[in-house]
Amino acid sequence: MTVTANERLGLNPTDPRPPEETRPLVDRTQTNPLFGDQKMKLGLFGTNCSYGLIMSHAPSTYKITWEHTREIATRADDLGFDVLVPVARWKGFGGSTNFNGNCFETYAWAAGLAEATERICVASTSHLPTVHPIVAAKAATTIDHISGGRFALNLVMGWVPPEMEMFGSEQREHDQRYAFGQDWIDFATRLWTEEGTFSMHTEFFDGELLEAYPKPHQAPRPALLNAGNSPAGIEFSARNVDINFASLDTLENIRGYTDKVRAKARDDYQRDIQVMTYGLVVCRDTEEEAKRAFQQVVDEGDWGAAGNVISIAGSGESKSFDHAVKKMQERFIAGWGGYPIVGTPEQVTEELGRLNEAGMEGMIFGLIDYNEELKYFGERVMPLLKQAGLRH
């Protein structure tokens with residue numbers, strides 16, 4: 001039998017805690033836009049990392065300073081966007097841009113933006129092998145209170161071996177990473193929801209007399225996101241998270257995927273799940289201008305960094321990008337392997353409508369120049385989305 005520190009030191013037990021410490025405070029459907037009634041939810045992706053979603057030297061005012069990222073966030077908030085999702089990155093991808101190498105840590109980033117915004121959901125993205133669930137659960141709860149229940153946690157199993165080596169460990173085999181992730185989220189969830197103390201003994205974690213006060217602001221727990229698209233990733237998402245993000249190539253494949261993920265969550269775990277996508281949006285007054293801007297991103301692309309990403313993604317370390325590695329390498333340069341939308345405001349609106357009809361309930365996206373192009377998006381696209389019934 002393990003003798004706990006409490007027993008060894010003869011410590012007095014904790015008295016029962018009051019309800020405001022032991023229970024989440026507010027139903028998250030009342031506070032978190034991710035559970036709102038917008039037909040097509042909108043978000044920004046990657047505004048904490050250099051070059052955002054483009055591996056390119058195409059001209060842009062986008063830069064990694066706190067003033068700039070805060071301005072992007074408050075503009076998205078003012079426009080009524082639903083979520084900000086950062087990229088967790090510990091090491092850049094090399095090449096002439098060192099793509100994503102200049103970046104802000106995502107828990108601190110989310111805490112700052114939670115204070116700076118009023119309505120939008122602010123997410124952290126967490127590589128689960130790099131942060132203990134006790135630390136992550138406490139950080140998430142803190143940000144949730146700062147935001148008044150507008151926090152979400154994007155769960156990433158870790159897929160870049162050079163990053164894992166920075167932490168002194170080897171990358172686990174793909175499906176084993178999801179087994180670790182299941183233990184991790186089970187641990188964090190108990191910290192968020194159990195009113196007293198408990199112990200945790202699993203394949204990956206051991207802890208005695210665990211407790212966490214206060215509980216999150218939003219009940220029953222913060223929103224959870226995951227972008228696993230492999231069989232193990234889909235299983236993990238269907239079992240655990242509220243939103244699955246998917247990178248897919250055609251509307252037909254999107255329909256099949258969204259149906260499969262929802263059916264697995266419903267049939268195997270008796271729960272509902274949203275499915276969203278991500279990609280690069282290039283919107284201009286004319287289709288020719290939009291295509292020219294998109295092509296400039298490709299023409300001025302950092303193929304050194306892209307080659308590194310493709311080598312990692314194609315090595316078996318990640319199975320979520322297999323289709324992109326084989327068929328659509330340009331999508332890494334222009335949109336991080338996501339779904340590109342290129343055209344006029346009317347065409348962008350129509351394409352978002354087609355994605356919605358195919359089962360996507362939202363899109364988080366990058367822009368070549370986030371701050372400047374957000375102004376245009378707000379003026380020209382948002383009114384059309386409302387006219388189309390995709391937003392209100």
Side-chain angles (χ1 to χ4, degrees), residues 17-45 73 76-77 80-86 106-107 109-126 128 133 136-156 181 184-195 212-227 236-245 261-262 265-266 269-276 360-364 391-392:
R17 309 312 303 149
E20 63 268 22
E21 290 185 17
T22 59
R23 299 173 196 164
L25 300 177
V26 180
D27 184 336
R28 61 188 182 173
T29 62
Q30 305 301 310
T31 64
N32 195 323
L34 286 176
F35 303 103
D37 62 355
Q38 294 287 2
K39 187 174 182 183
M40 187 66 172
K41 296 181 175 68
L42 298 176
L44 294 182
F45 189 22
D77 191 30
F81 275 50
D82 301 289
V83 65
L84 299 165
V85 181
T106 70
Y107 286 97
W109 178 89
L113 293 185
E115 181 65 25
T117 56
E118 297 180 3
R119 293 171 295 276
I120 197 167
C121 173
V122 182
S124 292
T125 297
S126 193
L128 303 191
K138 179 65 75 176
T141 295
T142 302
I143 303 165
D144 201 36
H145 281 264
I146 293 170
S147 69
R150 294 182 288 121
F151 179 69
L153 186 58
N154 181 26
L155 308 172
V156 179
W184 193 101
I185 195 57
D186 287 345
F187 198 153
T189 298
R190 293 186 70 180
L191 290 165
W192 286 327
T193 58
E194 294 205 15
E195 295 187 10
Y213 303 115
K215 299 306 180 187
H217 186 88
Q218 57 184 310
R221 54 158 173 74
L224 298 178
L225 322 175
N226 175 250
F236 180 87
S237 280
R239 179 176 177 179
N240 297 290
V241 308
D242 303 293
I243 298 170
N244 175 266
F245 286 110
V261 173
R262 288 196 187 91
R266 182 181 61 249
Y269 298 105
Q270 294 72 56
R271 56 191 305 274
D272 295 323
I273 188 171
Q274 298 182 56
V275 187
M276 298 187 189
M360 289 296 177
E361 294 169 78
M363 182 175 191
I364 57 172
R391 304 281 301 178
H392 60 72

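Since we're looking at a predicted model, the values are computed, not measured.
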Notebook entry, point to check: Of all residues at least two apart in sequence or in a different chain, which pass the side-chain contact (heavy atoms from CB on, under 4.5 Å) check with Ala76?
Noted result: Leu44, Phe81, Leu84, Ile120, Leu374

Check: Is there a donor-acceptor contact under 3.5 Å from the side chain of Lys138 to the main chain of Tyr213?
Finding: yes

Margin query: Ignoring hydrogens, what is the shortest heavy-atom contact between Ala73 and Thr117? Give both atom names and the distance.
Written below: O-CG2, 4.0 Å

Next item on the list: Could you pull out the closest heavy-atom pair between Pro86 and Thr125, with the gap in Å?
Entry: O-OG1, 2.5 Å

Next item on the list: May I ask you to decide whether Asp242 forms a salt bridge with Arg28, counting only side-chain N to carboxylate O separations under 4.0 Å?
Entry: yes

Margin query: Could you work out, with salt bridge (charged side-chain N to carboxylate O under 4.0 Å, His left out) as the rule, every residue matching Glu115, not counting sequence neighbours?
Written below: none

Note to self: Could you tell me if the side chain of Met276 sits less than 4.5 Å from the side chain of Leu34, heavy atoms only?
What the structure shows: yes

Check: What is the minimum heavy-atom distance between Ser147 and Ala114, and which atoms define it?
Finding: CB-CB, 3.7 Å

Notebook entry, point to check: Roughly how far, to the nearest 0.5 Å, is the CD1 atom of Ile364 from the CG atom of Leu42?
Noted result: 11.0 Å

Next item on the list: Could you walk me through whether Thr193 and Lys215 pass the side-chain contact (heavy atoms from CB on, under 4.5 Å) test, one step at a time?
Entry: CA-CA 7 Å; Thr193 58; Lys215 299 306 180 187; over 6 Å; no

Checklist line | Pairwise distance CZ(Arg150) to NE2(His217) - rounded to 0.5 angstrom | finding: 10.0 Å

Note to self: Among residues at least two apart in sequence or on other chains, which ones pass salt bridge (charged side-chain N to carboxylate O under 4.0 Å, His left out) with Glu195?
What the structure shows: Arg23

Note to self: Rounded to the nearest 0.5 Å, what separates atom CG in Leu128 from atom CD1 in Ile185?
What the structure shows: 7.5 Å

Check: Heavy-atom count around Glu194 CD within 6.0 Å, excluding the residue itself: above 12?
Finding: yes

Next item on the list: For Lys41 and Phe35, work out which heavy atoms get closest and say how close.
Entry: CE-N, 4.4 Å

Check: Can you name the nearest heavy-atom pair linking Leu25 to His145, along with the distance?
Finding: CD1-CE1, 4.0 Å

Notebook entry, point to check: What distance do Arg221 atom CZ and Leu153 atom CG have between them, rounded to the nearest 0.5 Å?
Noted result: 10.0 Å

Check: Counting only N and O atoms by type, is there a donor-acceptor contact under 3.5 Å from the side chain of Gln218 to the main-chain atoms of Pro24?
Finding: no

Note to self: Show the nearest heavy-atom pair for residues Thr31 and Gly148, with the distance to one decimal.
What the structure shows: CB-O, 3.5 Å

Checklist line | Heavy-atom side-chain contact between Val241 and Phe236 under 4.5 Å | finding: yes

Item checked: Asn244 and Ser237 side chains, donor-acceptor separation under 3.5 Å -> yes

Item checked: For Arg391, salt bridge (charged side-chain N to carboxylate O under 4.0 Å, His left out) partners two or more places apart -> Asp82

Item checked: Results of salt bridge (charged side-chain N to carboxylate O under 4.0 Å, His left out) for Arg17 - residues two or more places apart only -> Glu21

Margin query: Is it the case that the side chain of Trp192 and the backbone of Pro220 share a donor-acceptor pair, with hydrogens and angles ignored and the cut-off at 3.5 Å?
Written below: no

Item checked: Atom pair CG (Asn32) and CG (Asp144), whose distance is rounded to the nearest 0.5 Å -> 8.0 Å

Next item on the list: List for me each residue that meets side-chain contact (heavy atoms from CB on, under 4.5 Å) alongside Ala136, sequence neighbours excluded, and say none if there are none.
Entry: Tyr107, Val131, Trp184

Next item on the list: Could you tell me the separation between the CG atom of Leu225 and the OG atom of Ser126, rounded to the nearest 0.5 Å?
Entry: 11.5 Å

